[in-house]
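Scope of the values below: all heavy atoms of this structure, side chains included, with no hydrogens, waters or symmetry mates. Letters A, B, ... are given to chains in the order of the sequence lines, protein chains preceding strands, and every chain is numbered from 1.
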Protein chains: 2
Amino acid sequence: MRVTLRDVADDVGVSVATVSRVLTGKSSGRVRPEVAADIRQAAARMGYRSNALARGLRLQETRILGFISDVIATGARGGQILLGAQDAARRYGYTLLTVNTGDDPDVEAHHLDALASYRVDGYLYASMFNRPLALPSRLETLPTVIVDATSPTQSTPSVSPDEKAIGRLGARELLRAGARRILYVSTPAPIVARAARLDGFFAEIRGTTADVEVRVLEIAESISHARGPLVEALKSDVDGVFCFNDLRAAMVYQASTAAERVIGHDLAVISVDRTEMLQQVLYPNLSSIALPHYQMGYWGCTKLITSLLGNSLDLDDPSLTDLPACALSHALLAPGEPVDGASCILTK
Amino acid sequence: MRVTLRDVADDVGVSVATVSRVLTGKSSGRVRPEVAADIRQAAARMGYRSNALARGLRLQETRILGFISDVIATGARGGQILLGAQDAARRYGYTLLTVNTGDDPDVEAHHLDALASYRVDGYLYASMFNRPLALPSRLETLPTVIVDATSPTQSTPSVSPDEKAIGRLGARELLRAGARRILYVSTPAPIVARAARLDGFFAEIRGTTADVEVRVLEIAESISHARGPLVEALKSDVDGVFCFNDLRAAMVYQASTAAERVIGHDLAVISVDRTEMLQQVLYPNLSSIALPHYQMGYWGCTKLITSLLGNSLDLDDPSLTDLPACALSHALLAPGEPVDGASCILTK
DNA sequence: CTGAAAGCGCTTACAG
DNA sequence: CTGAAAGCGCTTACAG
């Protein structure tokens, strides 16, 4: 039913070998140009589409990559990683077999079986947030790149956001906006980003000559618990707030009303995540440092493919070397001005 | 390098035919039980994993399904469709080849080529929001199910939310909470959901004996434009608000502060979408009707697979017949009480 | 109960 | 410049 090499060969009156040579671009100097043209034309006319299974079987190379994520493709951020990876894959003629484990080892095992069955050439292992992430042992010996996480043993290449740079950047923006008594709204969760952003933040503060006071407040993700402490903290003479993420920034917005502090006037606020929905909803617009999810996906996939092909990354390609931790922003702090970039951490 | 049927056969001392029979479950009464046991054991010991490419080539059936979406897998809601589809696929031994078109015809064409190359058995075509959606012509003759959209020509099976039921449900909840002067905050976008939810809403209102007044206000998605009209509207004697979606609900929350109306006290609010992030951020917790994304994905994928297998849907399976347009909810209107369900619209 | 053989659709070394 | 042939790893009708 589907048209095959054989069909095209019969139509033109040549052998399948010749058709194959022409259609895989191995014909220059090896097939008469007129014949090649005929073949290409017939293939197009007949709607020939090479069978990737047969090709994969023969070549022991499928050009399929397994994209494994915990619960990532579910959230908006994870979607961006997937998109970036997909764009990179497309560019090199690869396709992604996506799979979600829901952080369930049984589900993961099932999916790893499936991916192995389809003989994917390599794996992208994506995490829903930056953390040390041990690869399932079955993947340890296979071509794999970790995205938005790091290998605890450094044995696998990975891309993750430069959390310290994010902290630095946030501090810089608040200082630039004139803030001197800063509230740093953090998370109680012991994740990589908590410590690293705080480090970067203080590193930047120490580097300034201004007299700055910082208070760190950790709040949970539930507004009902966070509200009280936040209102309390905002009632003091705070003039700048660094928010660990947009969720907390949204809480700060709510609390600021109760504390009768006007954001953009009494208070400068900077946050991290650039959540689209909150961008549309918060007033005045939230200044937020974007995490480079798309870029990490793109970089991770390119890294994987080039290593599969035995090449190294093309460092002249700006999409590979220019990995900002943030791009444009509604700049509440200095309206109209975009917030600067900070880079990713690439291993190997 | 990879272990094959041949390897297992040699190890046990039988032919590949016999091994194949045992491993595909076609051995009962056709292979001696002891031999079968030996084979299974050897296969497990050697870590044999059947080659899906060879199988697909031989059987002309790959058990791969193409999951095509516009920009859907990028958002949180789209992720849920994908998850549901993935769970259904896994249950039947299928795997998903996911592809994002970004609403770009060239990208779509490229991906359709790729999916055709891999000889996927069928297609799931998912939309980022409920709309009439014409299938690319190449898919028209292939097994396809549309998810979160409807075929304008009714020629392709589809699942989409029962928007009217959502409108009805919202009205019912507001009435139950005692609201009598209702503000219906809609969207100016001419999409299916706008008209259908409004229809359902008014149908429900007309069915009540209470004396209810409704005012419809359409606002765009930008807080800076919406704020003025919303504050204005809320300053009147409104006692209930139906929000077209959570984004608008968040705007209503903001505006209510400026209008000095207290949500949960002066105002009952019901919304649609159940956006997780906003659930965590809005105070008091937002009552929001969830859209059945996971269920639509699950249903669509099951529908596709059963039609591929020549079966019809198993209507005794509750996960297929019980498709609520909403599930649990923080019920601001009547704290603690979950909001009822409303079903999906399934075609064919 | 079991095996030899054909064939799914490709690619490429080999021969001419 | 071109073709016949082998082989990737399976499954299954056919023969025994």
Novice: Taking OP1 and OP2 of D:dG9, is either one under 4.0 Å from a side-chain nitrogen or oxygen of A:Gln60?
Specialist: yes

Novice: Please determine if B:Arg6 and B:Asp10 form a salt bridge, counting it only when a charged side-chain N lies under 4.0 Å from a carboxylate O.
Specialist: yes

Novice: With a 4.5 Å heavy-atom cut-off, do B:Gln80 and B:Gln295 have their side chains touching?
Specialist: no

Novice: From the list D:dC8, C:dT2, D:dC10, which nucleotide is the closest neighbour of the side chain of B:Ala54?
Specialist: D:dC10

Novice: Distance check needed: C:dC10 P versus A:Arg119 CZ, whole Å only.
Specialist: 20 Å

Novice: In dot-bracket form, how is DNA chain D paired, counting a Watson-Crick or G-U wobble pair only if both its distances are under 3.5 Å and using | for bases paired to another strand?
Specialist: |||.||||||||.|||

Novice: Does any part of the side chain of A:Phe67, heavy atoms only, come nearer than 4.5 Å to the side chain of A:Val147, both counted from C-beta?
Specialist: no

Novice: Ignoring hydrogens and angles, state whether a donor on the side chain of B:Thr101 or B:Asp70 is under 3.5 Å from an acceptor on the partner side chain.
Specialist: no

Novice: How close or far is atom P of D:dG9 from atom CG of A:Leu57, stated in whole angstroms?
Specialist: 7 Å

Novice: If you restrict it to nitrogen or oxygen atoms, what contacts under 3.5 Å exist between nucleotides 11-15 of chain C and the protein, and what is each distance?
Specialist:
{"unit_1": "C:dT11", "atom_1": "OP2", "unit_2": "A:Ser20", "atom_2": "OG", "d": "2.6"}
{"unit_1": "C:dT11", "atom_1": "O2", "unit_2": "A:Arg58", "atom_2": "NH1", "d": "2.1"}
{"unit_1": "C:dT12", "atom_1": "OP2", "unit_2": "A:Lys26", "atom_2": "NZ", "d": "3.4"}
{"unit_1": "C:dA13", "atom_1": "N6", "unit_2": "A:Arg21", "atom_2": "NH2", "d": "2.8"}

Novice: Taking C-beta and beyond as the side chain, do B:Pro161 and B:Met296 meet within less than 4.5 Å on heavy atoms?
Specialist: yes

Novice: Charged N to carboxylate O below 4.0 Å: is that the case for A:Asp113 and A:Arg138?
Specialist: yes

Novice: Side chain of B:Val31 only, heavy atoms from C-beta on: which candidate in D:dT2, D:dG9, C:dT2 is closest?
Specialist: C:dT2

Novice: Just the rounded figure in Å: distance from C1' of C:dC10 to CZ of A:Arg49.
Specialist: 17 Å

Novice: Once you round it to whole Å, what is the distance between P of D:dC1 and CD of A:Glu34?
Specialist: 9 Å

Novice: Among B:Val14, B:Val16, B:Val22, B:Val19, which residue meets the side-chain contact (heavy atoms from CB on, under 4.5 Å) test with B:Val8?
Specialist: B:Val19

Novice: Heavy atoms, side chains only, cut-off 4.5 Å: are B:Leu308 and B:Tyr94 in contact?
Specialist: yes

